[in-house]
Colleague: 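Quick one: this structure, given as structure tokens, is what I'll be asking you about.
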Amino acid sequence: MSTSTTTPPNTISYEECRGVLRVYSDGSIVRSPNPSFDVPVLEDGSVSWKDVVFDPTNHLQLRLYKPAATTRSPSSSKKLPIFYYIHGGGFCIGSRAWPNCQNYCFQLASQLQCVVVSPDYRLAPEHRLPAAIHDGAAALQWLRAQAEADEPDTWLTDVADFENVFVSGDSAGGNIAHNLAVRFGPGSTELGPVRVRGYLLLAPFFAGTVLSKSEAEGPKDAFLNWELIDRFWRLSIPIGENTDHPLVNPFGPFSRSLEPVALDPILVVVGGSDLLRDRAEDYAKRLKNWGKKVEYVEFEGEQHGFFTVHPNSQAAKDLMPILKRFITENSS
């Protein structure tokens, strides 16, 4: 399987994902260097940011953000919680550097008054699951290395509170966040001085071989319609597997039961018109019935990814204090 940025000759057919990924019937792959969301970067100087390599082997970077006031006077600033934002894109597209992602991270850092960590991860179909889950874990392990470093990056360590870390994910990123919650468990003891306090699943990307009502009956013109959902999964799940794979369906026939599994607090957010709505609600209800600390918030009438696609909408603005409250209530 090869990846290029030019269209291969003599191809018969291809599948396309939001205009930036084409997978041809001969196995070749073409990725556009341009983002699928052509919006300007809205940078007003209130947030400082920089890129850092967290996985040299796989050439993966993350983008760090913090309120600019902490840069000017770090010694007098209170330590800020760390908020991971793992981008979406059906495991096939997306980047920390896409302008819609960057603009949302500006808002998160400014409005939540936190240090935002936005990692990339390997994308399918070149790198099918579980690659993205492993990369999400590596991004958290990078934070542990920073906390324990003899010569740390003071841009981060002067302002970051390693004992109050929150892991959020958007769509596919929400799936990653769930799998990290199960992987690291309550207290995240594997991460040493880094303490994850909660996970925020924003329109999490789950599936199953039996369709939910919202998947089966959702409108074909939805921002994330069933055709695209199905395409993302076919391109990202391991070859020979289906959507009951344990990383895809948390309650599938081959999945480990989560009933006896202890978890850190979880917030689930979804739009009421999102085709993934029923799965998100079912996820929250099941965990809550098993005694987990889970909160479910639904935004009536909103479609998938409303908070990044329309970051200035009233619903997106109403989401921010909900995220802020979750952080406040679960911080040490």
Colleague: Under the 3.5 angstrom rule, does the side chain of Asp161 hit a backbone N or O of Lys79 as a donor-acceptor pair?
Modeller: no

Colleague: Please work out whether the ring planes of Tyr121 and His87 are parallel, tilted or perpendicular, with thresholds of 30° and 60°.
Modeller: parallel

Colleague: In a check of side chain to side chain contact (heavy atoms under 4.5 Å, CB included) between His178 and each of Leu247, Val268, Leu201, Val167, which one passes?
Modeller: Leu201

Colleague: Could you check if a side-chain atom of Thr308 sits within less than 4.5 angstrom of a side-chain atom of Cys101, using non-hydrogen atoms only?
Modeller: no

Colleague: Give a yes or no on whether Val182 and Phe251 share a hydrophobic cluster (residues Ile, Leu, Val, Met, Phe, Trp, Tyr; joining criterion: side-chain heavy atoms under 4.5 Å apart).
Modeller: yes

Colleague: May I ask you to check whether Asp264 and Tyr199 show a side-chain donor-acceptor distance below 3.5 Å?
Modeller: no

Colleague: Can you see whether Asn179 engages Asn175 through a side-chain donor-acceptor pair at a distance of less than 3.5 angstrom?
Modeller: yes

Colleague: Please identify which of these residues, Phe299, Tyr85, Tyr104, meets the ring-ring contact (aromatic ring centres under 6.0 Å, His included) condition with Phe307.
Modeller: Tyr104

Colleague: Kindly assign one of parallel, tilted or perpendicular to the pair Phe91 and Trp233, based on the angle between their ring planes and the thresholds 30° and 60°.
Modeller: tilted

Colleague: Compare all side-chain heavy atoms of Pro246 with those of Arg256 and state whether any distance is below 4.5 angstrom.
Modeller: no

Colleague: Kindly indicate, with the supporting measurements, whether the criterion ring-ring contact (aromatic ring centres under 6.0 Å, His included) is fulfilled by Tyr65 and Phe106.
Modeller: CA-CA 7 Å; Tyr65 301 81; Phe106 284 146; 5.5 Å; yes

Colleague: I'd like to know if Asp135 and Arg122 make a salt bridge, using a cut-off of under 4.0 Å between side-chain N and carboxylate O.
Modeller: yes

Colleague: I want to check a possible cation-pi pair here: Arg22 against Tyr14, using under 6.0 Å from ring centre and within 45° of the ring axis as the test.
Modeller: yes

Colleague: Between the side chains of Thr209 and Asp244, does any donor sit under 3.5 Å from an acceptor?
Modeller: yes

